[in-house]
Amino acid sequence: MRMSHLFGRTLREAPGDVELPSHRLMLRAGMMRPLGAGIYSLLPLGFRVVTKVEQIIREELNAIGGQELLMPVVHPADLWKESGRYDNVGPEMTRFKDRGDRDMVLAMTHEEIVTDLARQEINSYRQLPQLVYHIQTKWRDEPRSRGGLIRVREFTMKDSYSLDRDEAGLDVQYRNHWGAYERIFRRCGLRFVVVGADTGMMGGSASHEFMALSEYGEDIVLLCPNGDYADNREVATFRREPASTEPPRPMEEVETPDTTTIRALADYLDIPLAKTGKAVFFKGDSGRFIFAVIRGDLEINETKLRKATGELGLTPATAEEIRAIGAEPGYGSPVGVRDATIVVDESVRDTPNLVAGANRVGWHLMNVNLGRDYQADVVADIAAADAGLPCPVCGAPLDAERAIEVGNIFKLGTRYSAMLGATYLDAEGQSHPIVMGSYGIGSGRVTATVVEQHHDDKGIIWPVTIAPYHVSLLSLGGADESGPVEAADKLYDALLSADVEVLYDDRTDRAGVKFNDADLIGCPIRVSVSARTLARGEAELKPRVASESTFVPLDEVVPTVQQMLAALAAPLSGEPGAE
RNA sequence: CGGGGUGUGGCGCAGCUGGCAGCGCGCGGCGUUUGGGACGCUGAGGUCGGAGGUUCGAAUCCUCUCACCCCGACCA
């Protein structure tokens with residue numbers, strides 16, 4: 001590609017309101033442009049990268065038996081009503097009517113469509129297992145998009161769907177995807193961890209997320225330093241201390257002025273946080289008042305609390321709502337409250353004689369004990385894991401890291417096939433629902449995440465596997481010097497003939513402009529020719545990551561570039577430990 | 001949805017106590033330059049987000065509205 005004709009140019013300055021490095025650099029490098037909030041066009045350079053990411057995905061999915069197909073981006077709402085998600089999913093799903101007044105939706109995922117196809121195409125156990133996938137547009141009207149391609153409303157996702165006779169078959173496909181995803185992300189040059197995760201709106205029995213570590217990640221993962229454990233914070237647990245055998249002591253009131261926070265209370269009474277009980281109040285979507293109790297040294301995990309209560313959503317309760325059940329904000333405890341669902345964390349069950357609120361301003365209760373002084377509707381793990389808490393496997397202090405979710409895998413089971421009637425007949429003629437899994441990777445998010453992990457102050461540093469071009473070729477010199485242009489033209493043809501992808505900067509700009517743009521765009525190897533190098537019959541070669549150049553005779557440029565590319569590609573083969 | 005912020009040429013910004021719409025970069029032309037974002041001359045390019053209002057006069061003041069960004073809530 002000759003840069004003089006490239007559609008989309010580089011920017012010296014990015015729009016002032018962008019925050020993430022990947023967002024800024026991909027805009028400056030002329031790879032994408034915004035159209036609206038969370039909606040982007042990919043320009044030719046960016047599209048080439050995303051296409052390469054998708055091709056890697058395609059190769060690895062095909063290698064585990066995937067068959068590519070294509071499903072629509074507009075769906076009749078009836079299918080979503082059949083699965084129940086038409087009503088369960090909120091406004092992030094866009095609903096509209098066609099000209100015939102039929103309810104339609106924009107695709108945010110394709111479980112319903114695959115299941116509908118399966119019930120038409122699959123009748124017999126002989127046809128299973130199956131693995132289908134597509135790479136298709138998704139629309140999710142998120143309440144808030146942010147960060148360039150990291151979180152968008154319209155995006156392209158590879159979603160694959162496994163169809164099996166039974167759980168054992170699903171296990172195989174789940175493990176196959178796990179391996180394929182590891183190879184995909186390694187080939188893209190991503191550093192990532194795999195963590196256990198919540199199943200969220202997808203439902204199903206198990207889920208893992210592939211998390212690329214990044215300071216701009218929206219998720220927090222908890223990692224055991226010994227590698228014994230890794231989970232998304234939404235579901236992460238930690239090793240609990242054994243229940244205390246301390247005998248219950250009589251409950252008594254104690255005056256505690258100005259102690260509306262647990263910290264202030266512990267300081268005032270000069271006791272550790274772990275000897276206090278903390279009340280946290282929520283209103284559930286069902287209208288119930290959720291009264292959560294946890295030890296003062298721990299925090300509530302709302303995802304766990306939602307699961308423990310069966311509530312789809314929780315919002316913090318107002319002071320009026322808290323007083324209406326007989327509690328007092330800042331001095332709350334479950335002792336004596338009414339009309340509330342009381343959810344107690346295991347820490348409170350296992351720690352006797354806690355200090356808790358007296359439900360009146362300025363007073364607390366000493367020696368509060370579950371079972372004696374109040375009853376729980378639910379006792380469960382509702383505590384948030386955090387850095388420093390002990391690993392549930394080995395007890396070592398956990399690390400907490402920010403991460404970007406670049407892929408995830410779900411065991412759906414029969415949640416969709418049962419509701420939509422996607423069944424097969426076994427060898428005995430018995431009908432069974434197909435056992436399903438679903439697996440997603442956002443190609444644009446992967447691309448942006450690679451930039452987050454691979455850039456410097458000058459620009460992007462693409463892994464060779466997904467770089468828009470392998471080589472930036474620069475002709476340096478004045479318009480009246482024909483030598484560099486002629487030499488560069490020849491090198492351009494020679495490299496193309498050797499199947500090297502070349503972005504040829506044939507513009508008339510000065511050297512500094514070309515160097516800066518080459519660094520910004522981030523192709524792995526830069527080849528320059530100028531009067532200075534030609535005087536020795538040489539070209540200058542410089543890997544994007546290197547600080548020093550090498551000079552090689554013109555007729556050795558092609559083989560040298562090929563060697564350098566091979567060396568850059570070797571660690572990105574997808575094999576474990578290749579990096 | 002709550003809180004905060006910003007809308008002025010392609011990009012970055014100034015102008016905002018009302019009085020000719022500006023600067024830098026970029027873009028066209030001419031010339032000089034030519035290895036890390038050159039210089040001179042000369043041009044083109046703007047419904048000042050939109051609507052309504054106040055005023056002799058509005059980018060500037062008032063009202064409404066739209067869009068975008070950030071934090072939070074939310075979220076494969």
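Below, read A as the first sequence line, B as the second, and so on, with proteins coming before strands; counting in each chain starts at 1. These numbers come from a predicted model, not from an experiment.
- In this model, no donor atom of one side chain and acceptor atom of the other lie less than 3.5 Å apart for A:Tyr216 and A:Arg146.
- A salt bridge does not link A:Asp87 with A:Lys81: every distance from a Lys NZ or Arg NE/NH1/NH2 to an Asp or Glu carboxylate oxygen is 4.0 Å or more.
- Comparing B:G45 with B:G22, their C1' atoms sit 14 Å apart, to the nearest whole Å.
- Neither side chain, A:Glu540 nor A:Thr533, offers a donor N or O lying under 3.5 Å from an acceptor on the other.
- Atom C1' of B:U34 sits at a distance of 12 Å from the matching atom of B:C39, rounded to the whole Å.
- The gap from the C1' atom of B:U60 to that of B:G15 amounts to 9 Å, rounded to the nearest Å.
- Nearer the 5' end of RNA chain B, as judged by each residue's closest nucleotide, is the contact made by A:Arg507, out of A:Arg507 and A:Ala37.
- A:Asp519 comes within 4.0 angstrom of a base, heavy atoms only.
- A:Arg526 comes within contact range of at least one nucleobase, with a heavy-atom separation under 4.0 Å.
- Rounded to the nearest Å, the gap between the P atom of B:U17 and that of B:C62 is 9 Å.
- Atom pair A:Lys542:NZ and B:G35:P shows a separation of 18 Å (rounding to whole Å applied).
- Between the C1' atom of B:A73 and the NZ atom of A:Lys283 lies a distance of 19 Å, rounded to the nearest Å.
- Contact annotation for A:Glu209: no contact, since no heavy-atom pair falls under 4.0 Å across all strands.
- Using P as the reference atom, B:C25 and B:C41 are 12 Å apart when rounded to the nearest Å.
- A:Phe210 comes within contact range of no nucleotide atom at all, as no heavy-atom separation falls under 4.0 Å.
- Contact annotation: side chain of A:Asp517 to base of B:G37, donor-acceptor pair present below 3.5 Å.
- Comparing A:Ile441 and A:Ser145 by the nucleotide of RNA chain B whose heavy atom lies nearest to each, the residue mapping closer to the 5' end is A:Ser145.
- Considering only side-chain atoms of A:Arg9, the nucleotide from B:U34, B:G72, B:G26 that sits closest is B:G26.
- Partner assigned to B:G46 is none, using Watson-Crick or G-U wobble distances below 3.5 angstrom.
- Using atom C1' as the reference point in both B:G2 and B:A14, the two lie 33 Å apart (nearest Å).
- Residue contacts for A:Gly147: at a heavy-atom cut-off of 4.0 Å it reaches the sugar-phosphate backbone alone, with no base atom in range.
- Per the geometry, NZ belonging to A:Lys514 stands 13 Å off P belonging to B:A38, to the nearest Å.
- Remark: B:A21 base-pairs with no nucleotide in the shown strands. Criterion, Watson-Crick or G-U wobble with two distances under 3.5 Å.
- As the counterpart of B:C68, B:G5 is assigned, both hydrogen-bonding distances of the Watson-Crick or G-U wobble pattern falling under 3.5 Å.
- Of the C1' atoms belonging to B:G5 and B:G40, the separation is 41 Å, rounded to the nearest Å.
- There is a side-chain donor-acceptor pair under 3.5 Å between A:Ser286 and A:Glu311.
- For A:Arg146, counting side-chain heavy atoms from C-beta on, the closest listed nucleotide (B:G36, B:A73, B:G37) is B:A73.
- In the set B:G35, B:C74, B:C27, B:C74 carries the atom at the smallest distance from any side-chain atom of A:Glu302.
- Among B:G37, B:U34, B:G35, the nucleotide with an atom closest to any side-chain atom of A:Arg12 is B:G37.
- At a threshold of 4.0 angstrom between heavy atoms, the contacts of A:Thr533 include nucleobase atoms, whether or not backbone atoms are also involved.
- Here A:Gly407 lies out of heavy-atom contact (under 4.0 Å) with every strand.
- Searching all strands for a Watson-Crick or G-U wobble partner of B:C61 with both distances below 3.5 Å returns B:G53.
- Using modelled atom types and a 3.5 Å distance limit, the side chains of A:Asn62 and A:Tyr133 yield a donor-acceptor pair.
- In the set B:G12, B:G72, B:U34, the nucleotide with an atom closest to the side chain of A:Glu13 is B:G12.
- Going from atom CG of A:Asp509 over to atom P of B:U34 covers 16 Å, rounded to whole Å.
- The nearest whole Å value for the distance from the CG atom in A:Leu11 to the P atom in B:G37 is 19 Å.
- A salt bridge between A:Lys411 and A:Asp171 is present, with a side-chain N of the basic residue lying under 4.0 Å from a carboxylate O of the acidic one.
- Remark: B:C16 base-pairs with no nucleotide in the shown strands. Criterion, Watson-Crick or G-U wobble with two distances under 3.5 Å.
- A salt bridge does not link A:Asp285 with A:Arg306: none of the charged nitrogens is closer than 4.0 Å to a carboxylate oxygen.
- Of the listed nucleotides (B:U34, B:A73, B:G36), B:G36 has the atom at the smallest distance from the side chain of A:Asn516.
- Remark: P of B:C68 and CZ of A:Arg153 are 7 Å apart, rounded to the nearest angstrom.
- When the C1' atom is used for both B:G50 and B:G3, the distance is 25 Å, rounded to whole Å.
- The nucleotide whose nearest atom lies closest to any side-chain atom of A:Leu476 is, among B:G35, B:A38, B:A73, B:G35.
- Across all strands, A:Ala14 comes closer than 4.0 Å only to sugar-phosphate atoms, never to a base (heavy-atom distances).
- Residue contacts for A:Glu540: at a heavy-atom cut-off of 4.0 Å it reaches a base atom on one of the strands shown.
- Checking B:C70, B:G36, B:C71 against the side-chain heavy atoms of A:Lys458 singles out B:G36 as nearest.
- Side-chain contact, A:Trp80 with A:His75: a donor N or O sits under 3.5 Å from an acceptor N or O.
- With hydrogens and angles ignored, no donor-acceptor pair under 3.5 angstrom links the side chain of A:Arg28 to the base of B:G10.
- Spacing between atom CZ of A:Phe515 and atom P of B:A38 amounts to 12 Å, rounded to whole angstrom units.
- Across all strands shown, the partner of B:A38 is B:U32, judged by Watson-Crick or G-U wobble contacts whose two distances both fall under 3.5 Å.
- A cation-pi geometry, defined here as NZ or CZ lying under 6.0 Å from the six-membered ring centre and within 45° of its normal, holds between A:Arg536 and A:Phe551.
- If you measure from atom CG of A:Asp505 to atom C1' of B:G35, you get 13 Å, rounded to the nearest angstrom.
- When distances are taken from the side chain of A:Arg510 to each of B:A38, B:G35, B:G37, the shortest belongs to B:A38.
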